[in-house]
Amino acid sequence: MLQDDNKLTLVGEDGSETICEILFTHEANGKKYVVFEIADTNEVTAAVYLPDNEDQSEGEFSDIETEEEWEMLDKLLDAYYQDLESEE
């Protein structure tokens with residue numbers, strides 16, 4: 001994973017790269033969550049970020065494991081979109 005400001009490049013096991021835009025990050029339950037939009041498909045998804053101990057800008061993603069986590073992130077995403085609408 002490579003990060004540049006609010007852009008994120010996901011590198012697959014086969015070396016393929018996917019460009020994403022980080023919408024927001026959130027820390028809860030001792031985990032760091034990243035909510036991002038995949039540039040090619042406009043799909044919004046999220047993952048748990050596991051930073052490399054030495055370099056916080058490098059790390060791996062882990063799947064979100066519980067329905068409670070998804071519900072929390074859905075509420076935060078709704079609030080994020082409402083904030084965007086109110087700014088316009």
Side-chain angles (χ1 to χ4, degrees):
M1 181 212 69
L2 304 172
Q3 183 177 342
D4 177 25
D5 293 324
N6 67 334
K7 298 293 182 197
L8 174 70
T9 303
L10 300 177
V11 181
E13 291 179 9
D14 62 355
S16 63
E17 294 185 353
T18 303
I19 306 296
C20 304
E21 180 179 353
I22 298 172
L23 302 179
F24 62 88
T25 60
H26 181 73
E27 290 190 39
N29 309 316
K31 296 179 181 180
K32 296 180 180 186
Y33 298 93
V34 178
V35 179
F36 54 94
E37 181 177 14
I38 300 170
D40 292 343
T41 63
N42 295 328
E43 175 187 359
V44 175
T45 190
V48 176
Y49 178 62
L50 306 169
D52 182 355
N53 290 333
E54 295 176 16
D55 183 358
Q56 295 292 306
S57 67
E58 294 287 326
E60 296 181 1
F61 284 115
S62 174
D63 291 335
I64 295 174
E65 298 175 348
T66 68
E67 189 63 35
E68 290 81 13
E69 289 174 296
W70 280 115
E71 289 174 9
M72 172 192 65
L73 292 171
D74 279 341
K75 288 178 184 176
L76 290 170
L77 187 60
D78 286 343
Y80 171 81
Y81 285 131
Q82 287 177 1
D83 286 346
L84 284 180
E85 288 178 9
S86 67
E87 291 176 7
E88 294 177 355

* hydrophobic_cluster_shared for Ile19 and Ile38, side chain cutoff 4.5 Å -> no
* Starting at CG of Asn6, measure out to CD of Glu37 and round the result to the nearest 0.5 Å. => 11.0 Å
* Side-chain donor/acceptor of Asp14 to backbone N/O of Ser16, under 3.5 Å -> yes
* Asked: Is it true that atom CG of Asp63 has more than 12 heavy atoms of other residues, nucleotides or ligands lying nearer than 6.0 Å?
  -> no
* **Separation between CG of Leu23 and OH of Tyr80, rounded to the nearest 0.5 Å** => 4.5 Å
* Asked: Just how far is it from atom CG of Leu10 to atom CD of Glu60, taken to the nearest 0.5 Å?
  -> 12.0 Å
* Asked: Do Glu21 and Lys7 touch side chain to side chain, with heavy atoms closer than 4.5 Å?
  -> yes
* For the atom pair OG1 (Thr66) and CG (Asn29), what is the distance rounded to the nearest 0.5 Å? -> 7.5 Å
* To do: Kindly indicate whether the side chain of Val44, heavy atoms from C-beta on, has any atom under 4.5 Å from the side chain of Tyr81.
  => yes
* To do: Kindly compute the distance separating CZ (Phe36) from CD (Glu43), expressed to the nearest 0.5 Å.
  => 8.5 Å
* Structure fact -> Residues Thr45 and Trp70: closest non-hydrogen pair is OG1-CH2, 4.1 Å
* Test item: Val35 and Leu76 side chains (from C-beta on) under 4.5 Å apart, heavy atoms -> no
* Asked: If you take all heavy atoms of Leu73 and Ala46, which pair is closest and at what distance?
  -> CD1-CB, 3.8 Å
* **Residue that, paired with Tyr33, satisfies side-chain hydrogen bond (donor to acceptor under 3.5 Å, both in side chains) out of Glu69, Glu27, His26** => Glu69
* Less than 4.5 Å apart, any side-chain heavy atom of Phe61 and any of Leu8? -> yes
* **Interatomic distance, Lys31 atom NZ to Met72 atom CE [nearest 0.5 angstrom]** => 8.5 Å
